[in-house]
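Working notes for the structure below.
Values below: every heavy atom of this structure, side chains too, minus hydrogens, waters and symmetry copies. Labels below follow one simple rule: chain letters A, B, ... track the order of the sequence lines, proteins then strands, and each chain is numbered from 1.
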Amino acid sequence: MTPDQCQQLFERLAHANPHPATELVWHTPFQLLLAVLLSAQSTDVGVNRATAPLFPTLQTPQDLLALGLAAFEQAIRTLGLYRAKARHALEMAKLLVERHEGRVPGTRGELEALPGVGRKTANVVLNILYGHPTIAVDTHVFRVANRTGLACGTTPLAVEQALLRAVPAPFLQHAHHWLILQGRHVCQARAPRCAVCLIQDLCDTGKIHV
DNA sequence: ATCCCGAGGG
DNA sequence: CCCTCTGGAT
């Protein structure tokens, strides 16, 4: 995809949705971090359903430690990978209290040192809580970038680096959310809705297929 | 049978 | 590089 096509792609997505935001429901920084940790191999709808009854009384890592591992594991058991997530979440909360005064740190190194937090989760937190121009590459962003030809790569890190080079600076801050929403609602994995896609004429796959 | 806002360990 | 963890939706 040419730089001009890339520019057009984001102009259209930005025009259609000027203020894209996560569809995860959260109120405190810790809740965002926790919700992103829970989102692995799960839909955000499922995460919101699991966290809704919990979050009114679960606003800080101290609250999670007070709730305890067994109760938290039961509360999130409808999510994929729930046992590993519950264990990571409690270890993460403990570490936040011990090393970060119960607050969510704002550097990649500190975030990725937390149990259950890898590059993708750190990128989301840095973007949403701290306004960094990071692009978290999840399954949706990976698929949309490769399908359209916007940024191709065989690993999430390769796609992330290609995106950081391809996306024009004015769009970097929100590129992650525009691409993820496009992937979730239009450029779906099984049956992409090319007929209603705003960027089909710019897309390598859309030009050929359907 | 495949996919969902992945991470840790071997 | 690979494997495992995991249930719900489609």
Legend entry - Within residues 28-44 of chain A, residues whose heavy atoms come under 4.0 Å of DNA chain B: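 Output list: A/Ser39, A/Ala40, A/Gln41, A/Ser42, A/Thr43, A/Asp44.
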
Inset, instruction - May I ask you to list the residues of residues 121-138 of chain A, by number, that have any heavy atom positioned under 4.0 Å from an atom of DNA chain B? - result: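 Heavy-atom contacts with DNA chain B come from A/Thr121, A/Val124, A/Asp138.
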
Taking only residues two or more places apart in sequence, or in another chain, which ones meet [X] in a side chain to side chain contact (heavy atoms under 4.5 Å, CB included)?
{"X": "A/Glu112", "value": "A/Arg108, A/Arg119, A/Ala122"}
{"X": "A/His174", "value": "A/Pro20, A/Trp178"}
{"X": "A/Pro29", "value": "A/Val104, A/Leu129"}
{"X": "A/Arg12", "value": "A/Gln8, A/Ile199, A/Asp201, A/Leu202"}

Inset, instruction - Within residues 165-178 of chain A, find the residues that approach DNA chain C with a heavy atom at under 4.0 Å, and present them sorted by residue number. - result: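 Within residues 165-178 of chain A, no residue comes under 4.0 Å of DNA chain C.
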
Legend entry - Contacting residues from residues 76-85 of chain A, given that a heavy atom lies under 4.0 angstrom of DNA chain C: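 Heavy-atom contacts with DNA chain C come from A/Arg77, A/Thr78, A/Leu79, A/Gly80, A/Leu81, A/Tyr82, A/Arg83, A/Ala84.
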
Inset, instruction - With sequence neighbours excluded, tell me which residues meet salt bridge (Lys or Arg N to Asp or Glu O under 4.0 Å) with A/Asp44. - result: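 Listed in chain order: A/Arg184.
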
Inset, instruction - Not counting sequence neighbours, which residues clear salt bridge (Lys or Arg N to Asp or Glu O under 4.0 Å) with A/Glu98? List them please. - result: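 If we apply the salt bridge (Lys or Arg N to Asp or Glu O under 4.0 Å) test to A/Glu98, skipping adjacent residues, there are no hits.
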
Inset, instruction - Answer yes or no: side-chain N or O of A/Thr139 and base N or O of B/dC3 forming a donor-acceptor pair under 3.5 Å. - result: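 Between B/dC3 and A/Thr139, which were checked side chain against base, a qualifying N/O pair under 3.5 Å is absent.
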
Report all interatomic pairs (protein N or O, nucleotide N or O of nucleotides 8-10 of chain B) with separations under 3.5 Å.
from  : atom 1 : to       : atom 2 : distance (Å)
B/dG8 : OP1    : A/Gly116 : N      : 2.8

Distance-only criterion, 3.5 Å: show the donor-acceptor pairs between side-chain atoms of residues 50-57 of chain A and protein atoms not counting sequence neighbours.
from    : atom 1 : to      : atom 2 : distance (Å)
A/Thr51 : OG1    : A/Val47 : O      : 3.1
A/Thr51 : OG1    : A/Asn48 : O      : 3.4
A/Thr57 : OG1    : A/Leu54 : O      : 3.4

